[in-house]
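Worksheet: the structure to be examined is printed underneath.
Position 1 is the first residue of the sequence; numbering continues from there.
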Amino acid sequence: MTLAPSALAAPGTIFTERGLQPHPVPRALETAEVPSVIEEFARAARAAVEAGLDGVELHAAGGYLPHQFLDPSSNRRTDAYGGSAAARARFVVEAAEAMAAAIGGERVGIRVSPAANLHGAVEDDPAETAATYRALLDGIAPLGLACLHTIGDPAGPLLAGPRARFGGPVIVNDGWHAMTDEPTARRRVASGQADLVSAGRAFIANPDLVRRRREHAPIAEPDPATFYGGGARGYNGHSARPE
């Protein structure tokens, strides 16, 4: 059974072993169940570190469960985890607290994508969205987390202020527009918008992306038509540049 803040199916379809299928209607988490779900995040963090990872990132973005709690369109709750900006932020704050207690805040990052509007998490009220993320950042600020990773225009109204509010290193990602090129990345850092800039899609088509960036070499373009297809096509057919 799929679980969610509220019993609302995401729009569209999901890729399964039987091909694309409609999203199921999830069961809304009972209030008493929430602590056990938060403990799963802490348990996963401990397992990751025990397996040899340096740290983990809490994925409160992209329409996943933590993001669903942040968004009023997917969170229709009337208990302590919904109904106001602070209440919607509570699940993510408590998950971050549990993970920091489990492995240390310096090993935990958090990723957010305000108003990315993916998979049914539609944050279309700017004032409400800003209030929710202010509450989230205020809640996690004392934890000393490793980094805040944002998706979207870092100069936009929703993401221009979080760096100061968070109080720690900020990684930015421009999101689902054109891939961030090297000049843009350098400009983000030089302007104070970010401490680091992340790359995602570019790695799909460039297994040697770090070397290409270092040598200012051409960057191969990935093929979006092959993304999330359930197979290897589009992922393992790219080669590194000759030495």
Side-chain angles (χ1 to χ4, degrees), residues 1-48 51 53 56-100 102-103 108-125 128-129 132-133 135-136 139-140 149-152 173 175-176 200 224 226-232 235:
M1 170 64 73
T2 303
L3 300 174
S6 303
L8 300 167
T13 57
I14 185 172
F15 188 87
T16 74
E17 60 183 7
R18 301 189 308 277
L20 293 174
Q21 299 291 325
H23 285 278
V25 176
R27 178 175 68 80
L29 278 164
E30 299 289 341
T31 304
E33 294 178 293
V34 173
S36 66
V37 175
I38 288 172
E39 175 54 30
E40 290 183 24
F41 284 86
R43 188 161 58 245
R46 284 191 294 268
L53 275 70
V56 297
E57 183 175 74
L58 174 56
H59 197 54
Y64 289 90
L65 182 65
H67 191 189
Q68 292 171 26
F69 271 91
L70 293 170
D71 172 34
S73 75
S74 54
N75 182 351
R76 307 286 179 83
R77 302 176 73 92
T78 57
D79 63 357
Y81 292 93
S84 69
R88 286 194 301 274
R90 181 178 176 181
F91 179 92
V92 181
V93 171
E94 290 184 356
E97 289 173 340
M99 294 166 71
I103 63 172
V108 179
I110 184 170
R111 192 183 205 198
V112 296
S113 59
N117 299 340
L118 291 171
H119 311 305
V122 180
E123 295 162 312
D124 56 4
D125 183 324
E128 195 73 19
T129 302
T132 300
Y133 285 88
L136 170 61
I140 63 176
H149 188 178
T150 68
I151 305 174
N173 186 295
W176 293 269
T226 64
F227 294 175
Y228 309 113
Y235 292 93

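- The minimum heavy-atom distance between A32 and P35, with the atom names listed, is O-CD, 3.5 Å.
- Rounded to the nearest 0.5 Å, atoms CD (E33) and CD1 (I38) are 12.0 Å apart.
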*Going through the checks in order, is the side-chain contact (heavy atoms from CB on, under 4.5 Å) test met by I110 and V92?*
CA-CA 9 Å; I110 184 170; V92 181; 3.7 Å; yes
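- Judged purely by atom type and a 3.5 angstrom limit, S6 has no side-chain atom pairing as donor or acceptor with the backbone of L8.
- The main-chain N or O of T13 is found under 3.5 Å from a side-chain atom of H23 such that the two form a donor-acceptor pair.
- The nearest pair of heavy atoms linking A42 to A102 is O-CB, 3.9 Å.
- Residues L58 and R111 form no side-chain contact, since every pair of their non-hydrogen atoms from C-beta on lies 4.5 Å or further apart.
- The shortest side-chain heavy-atom distance between V112 and H149 does not fall under the 4.5 Å cut-off.
- Closest of all the heavy-atom pairs between A48 and V56 is CB-CG1, 3.4 Å.
- Applying the side-chain hydrogen bond (donor to acceptor under 3.5 Å, both in side chains) test to E128 and every residue at least two apart in sequence or in another chain returns R88.
- If you take OG1 on T129 and CG on D71, they are separated by 7.0 Å, rounding to the nearest 0.5 Å.
- Atom CZ of residue R90 and atom CG of residue N75 lie 12.5 Å apart, to the nearest 0.5 angstrom.
- Between P5 and A28, the shortest heavy-atom contact is O-CB, 3.7 Å.
- Here the closest non-hydrogen pair linking G63 and A121 is CA-CB, 4.0 Å.
- The side-chain heavy atoms of I14 and L20, taken from C-beta on, include no pair separated by under 4.5 Å.
- Remark: D79 pairs with T31, R77 by the side-chain hydrogen bond (donor to acceptor under 3.5 Å, both in side chains) rule, at least two apart or across chains.
- The aromatic rings of F91 and F69 lie parallel to each other, their planes meeting at an angle below 30°, with 60° marking the opposite boundary.
- Looking at heavy atoms from C-beta onward, E123 lies in side-chain contact with Y133 at the 4.5 angstrom threshold.
- Rounded to the nearest 0.5 Å, atoms CG (L29) and CG (L65) are 6.5 Å apart.
- Side-chain contact between H59 and P66: absent, with no pair of heavy atoms (C-beta onward) separated by less than 4.5 Å.
- Using a 4.5 Å heavy-atom threshold, the side chains of R46 and I103 count as touching.
- Here the closest heavy-atom approach between residue G62 and residue S113 is recorded as N-OG, 3.0 Å.
- No donor-acceptor pair under 3.5 Å is formed between the side chain of Q68 and the backbone N or O of A4.
- With a 4.5 Å cut-off on side-chain heavy atoms, N173 and T150 do not count as touching.
- Between T2 and V25, every side-chain heavy-atom pair lies at or beyond the 4.5 Å cut-off.
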